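These notes are about the structure you will find just below.
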Amino acid sequence: MIAAAVVALELACCVGLGAALLRCLGILADLKPGERACWSFAAGFGVLGWIIFVVGALGLLEGTVLVTVLIVGASGVFLLGRPLVAPLEVGRDAVFWSLAALLFVVAAFDLLEGLAPPADADSLAYHFALPKQFIAAGRLEFVPRAVDGAVPLLVQMTYTPALSLGGERALTLWTMVSGWAVGALFYTVCRRHLSATWSLAATLVLLTTPAVLYGAGTGQVETRMAMFVLVAALAAATALRGGPLRYALLAGVMAGFYMGSKYLGGVVVLASGLTLLAGRGWLRRAAIFSAGALLAGTQWYGWNWYHSGDPVFPLLFGWVDYTSPGYWDQSHADFLRDVFFGRETVVSRNPLWLLLYPFWATLMGDPVMESGRTGLGPFVLLMVPFVMAGLWTRRDQLRSSTLAPIVLLVALHYALWFFTGSSQRVRHLLPLYPLLLLCVMAAAAMRDRATFSRPMAAVFAISIALQLAGHAVFTAAYARHWLAGDSRETFLERNVTGYGLAKWLNANLKATDRVALGDRQLLYLIDVPVFFAHPVNQALLDLSPSASGPERFYAQVRRLGITHLALRRRGDAAAGPDEPTFERLIGSLRQSGCAEPVEKVDARVFASRTLRGLAAGVASFDILTVTPQRCPFR
Amino acid sequence: MRPPIPRTGEMDATPKIFGLVLWLWVVVASAAYLYQFLGLLGPIARLLGVP
């Protein structure tokens, strides 16, 4: 009950803060009833993330302050005006109501996920683990870890009030609600260009997209970032068509929120900014846009710069001076470049692959692209000929179309993303996907003759049926949990690989201990202090292949206050030159008398929580305690 | 001389062919996606020697 109340209050807070921002910009009055609430939530979501950053940086992350922020923010709801939503037009056809019924099924599936404990690995590793760490500390802490530590965390800041005030249940319900908000916003955007039935169909396609199913109900940020892109693109398009300059400012603020959520956000700022350069008055538009983006999106870059000397830690290593030499070094920089960036690049970055990538990713997806279970689905691919027919039929109206700036923004964003060397995982394009979906729908919507409409209806039916089937499989674990009335422990044992280790550590270690381990999916679930011993992303505990000798490793262990080490037993096959550094160094530490085993823990492990048959088994973990009294090193 | 009057259905031939092409695309692309989604395309491609 408290969890639901906290989520309702945070929802009202986001809407209220956004309404206040849009009212200040003079944009709220331009919007239709349904749009006012949805745009307000999107803007307020970013504003709340920004405010919680300031609260956390000041060391005020405590219950009373967070409640005050939520209540003050929620008071802005009264700025929305009436009516909140447009009256439902009567006389919809059977297709509309069928789609609405399917949408309720999707919502019911999502609710099952929202009521279950978190199980997504990335969420447990940092989306939820970092807010939990900040709440425990009462302030933000700089985490000198590449990729998932010292990164922009605007979206995760909105998880903090939910987790702090309403606990884990409020946290998972909040991700559910903020995921739905994307669907609601997308529907209102579609209604500007499409009929109610088409808009509902597009929303259903979006909400059942594999990447959305995977990420919307978890802590993954991409789905929520789609809200920022949608409003930024619409505001930029309005500004470009000669709208007031305040729309350029709103576009800048929303693009800034995107930048504050992910390093990749610079791409959307650049794409939106370049779009605004077209036409007369570009200088003023671009200046105002840039001011908005800098104001809304640079806080985490400043935070990283203040603590490490590198605003985009650790990408400028070698170019700027670091505040601490222990945060990063050349071997980790080389290692990260080779392992992370090298491994995440599947196809060459040239113009040919720019065109082929979407088809390749959809039909021949490499495992690194993750275009199957967490991809964008078949819909856009199936719609290609319908879109081409639509564009050809209306080729003389394309330049004057209200969607032309949005198409430009999508194309620029995609090209910049492709050529800037970021990961080629398909789901990283998810924030852009609703805009693409809107353009595809609008281009094909004129095909209302039977010759076109029947196969197009088949495209919808196939896409939605496939995606809904995937949704049902994905939800099975949550449904089983709910129907069986399982405990949190049982659910986590079934759905989080290696959870048995976290359970043992929680039961046997104290708040004064600190355990180092390499199992990222356990970080949120471990209630005692923990250090994530990642071989590439951090340098405080040097686990790069070149690291050798127990003496330096022991010194680092002691400096980090690590009292225990947990590692997965891999058997004799992993020994030798290919043995992971963590295991090798712990072995040498043990031989030196600086660590000794205290327990062997068996835990269930598996490769996929959705497809249970994938490589399931039992793994053994060795728990060792550091023994300074017997250690020859000082 | 007046042009011959088209017989019934002849005027709609182009849209019908286009409609057929659309159906073909929908069926083939859906099947291709389903194969890849279910992870079958990879093993089949490997069987055929595609790297």
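Not measured: the values here are computed from a predicted model.
A:Pro455 and B:Val26 make their closest contact through O-CG2, 4.0 Å (heavy atoms, listed as atom of the first residue, atom of the second, distance). Heavy atoms only, all atoms of each residue included: A:Leu363 and B:Tyr33 are closest at CD2-N, 3.6 Å.
Using a 4.5 Å cut-off between heavy atoms, A:Leu382 contacts chain B through both its backbone and its side chain. Heavy atoms of A:Leu466 lying under 4.5 Å from chain B belong exclusively to its side chain.
Within the 4.5 Å cutoff, the side chain of A:Val459 has no heavy atoms near those of the B:Trp25 side chain.
For the atom pair CH2 (B:Trp23) and CE (A:Met456), the distance works out to 11.0 Å, reported to the nearest 0.5 Å. Atom CZ of A:Arg454 is separated from atom CG of B:Leu22 by 13.0 Å, given to the nearest 0.5 angstrom.
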